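These notes are about the structure you will find just below.
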Amino acid sequence: MGLFAEMEKAVQAGDVEAVAAFYHPEFQMTMHSSGTVMTKDQWKEGAAAVFGNDNFKREESRCIYENEDILVSHAFMTFPNGSRDAVMWVATKKDGLIYKVETGSTPMSK
């Protein structure tokens, strides 16, 4: 089983620490909307607020492709502010963990 399936279980459980365990210590996530780069600790802080919100949903999540170097996934996400986006998540791996992530999203009409 690849990282995607195990990580998705942790995301659906809302377990920030379990998800973060799949992230490399030098993890970086680049946000498509602003170009901001987050570290693992910054991600954990933000994710705790999002995962803890009852409005947050990650649905129809699927792995597009995964091998030892890369993981590409897609999901429909509803965020705490009520916006719903189709989100593409692309990660490169290092030492068997998620190392760098970039996202892209498309707002979904209601």
Side-chain angles (χ1 to χ4, degrees):
M1 183 180 300
L3 289 181
F4 174 80
E6 292 298 318
M7 281 182 49
E8 187 61 23
K9 286 181 194 175
V11 169
Q12 293 300 328
D15 190 338
V16 173
E17 290 298 326
V19 175
F22 292 100
Y23 291 171
H24 193 276
E26 298 168 2
F27 172 83
Q28 296 179 351
M29 181 174 196
T30 302
M31 304 304 293
H32 75 283
S33 59
S34 64
T36 302
V37 177
M38 288 192 294
T39 65
K40 183 175 180 175
D41 287 338
Q42 290 168 325
W43 178 87
K44 284 171 50 177
E45 184 177 310
V50 172
F51 283 26
N53 187 296
D54 290 339
N55 292 331
F56 174 70
K57 293 182 183 86
R58 181 174 160 100
E59 301 168 301
E60 298 181 50
S61 182
R62 61 191 173 107
C63 180
I64 303 295
Y65 183 79
E66 181 176 6
N67 67 17
E68 65 277 354
D69 298 318
I70 192 167
L71 168 57
V72 180
S73 69
H74 183 270
F76 293 99
M77 297 176 70
T78 303
F79 295 96
N81 67 2
S83 67
R84 181 171 162 82
D85 290 10
V87 178
M88 181 70 69
W89 192 87
V90 180
T92 55
K93 297 179 182 180
K94 181 177 180 178
D95 303 325
L97 297 171
I98 301 300
Y99 175 54
K100 289 190 177 182
V101 171
E102 291 197 37
T103 64
S105 69
T106 302
M108 304 301 295
S109 60
K110 293 185 178 195

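Since we're looking at a predicted model, the values are computed, not measured.
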Find out if a path of hydrophobic residues (ILVMFWY) with successive side-chain heavy-atom gaps under 4.5 Å connects Phe51 to Phe22. yes
So OG1 of Thr106 and CE of Met88: to nearest 0.5 Å the spacing works out to 8.5 Å
Could you tell me which non-hydrogen atom of Ile70 sits nearest to which non-hydrogen atom of Lys93, and how far apart they are? O-CE, 4.0 Å
Who passes ring pair (Phe, Tyr, Trp, His ring centres under 6.0 Å) against Tyr65, sequence neighbours left out? none
List for me each residue that meets ring pair (Phe, Tyr, Trp, His ring centres under 6.0 Å) alongside Tyr23, sequence neighbours excluded, and say none if there are none. Phe27, Trp43
With rounding to the nearest 0.5 Å, note down the distance linking CE in Met29 to NZ in Lys100. 14.0 Å
Let me check something: do Val72 and Val87 share a hydrophobic cluster, defined by ILVMFWY side-chain heavy atoms less than 4.5 Å apart, either directly or through other members? no
Rounded to the nearest 0.5 angstrom, the NZ-CE distance for Lys57 and Met77 is 12.0 Å
What pair of heavy atoms forms the shortest contact from Thr30 to Gly35, and how long is it? CG2-O, 4.1 Å
Shared-cluster residues of Tyr99, by chain and number - hydrophobic side chains joined below 4.5 Å: none
Given the rule in the ring-ring contact (aromatic ring centres under 6.0 Å, His included) test, do His74 and Phe76 qualify, once you have shown the distances and angles that lead to the verdict? CA-CA 7 Å; His74 183 270; Phe76 293 99; 5.3 Å; yes
For Val101 and Ala91 the tightest heavy-atom approach is CG2-CB, 3.8 Å
Keeping to residues at least two apart or across chains, list the salt bridge (charged side-chain N to carboxylate O under 4.0 Å, His left out) pairs with something in residues 32-44. Glu17-Lys44
Looking at Ala21 and Leu97, what are the two nearest heavy atoms and their distance? O-CD2, 3.8 Å
Any side-chain heavy-atom pair from Thr78 and Glu59 closer than 4.5 angstrom? yes
Is Ile98 linked to Val90 within one hydrophobic cluster, defined over Ile, Leu, Val, Met, Phe, Trp and Tyr using a side-chain heavy-atom separation of less than 4.5 Å? no
Residue pair Leu71, Trp89: steps toward the side-chain contact (heavy atoms from CB on, under 4.5 Å) verdict: CA-CA 8 Å; Leu71 168 57; Trp89 192 87; 3.6 Å; yes
Nearest heavy-atom pair of Ser105 and Asp85: which atoms, and what distance? OG-OD2, 3.1 Å
Nearest 0.5 Å, what's the OG1-CD distance between Thr39 and Glu45? 9.0 Å
Atom CD of Gln42 with >12 non-hydrogen neighbours under 6.0 angstrom: yes
Smallest separation among heavy atoms of Arg58 and Ser73, with atom names: NH2-OG, 3.9 Å
Please list all pairs meeting salt bridge (charged side-chain N to carboxylate O under 4.0 Å, His left out) that have one or both residues in residues 20-30, counting only residues at least two apart or in different chains. Glu26-Lys94
Apply ring pair (Phe, Tyr, Trp, His ring centres under 6.0 Å) to Phe4 and list each qualifying residue two or more places apart in sequence or on a separate chain. none
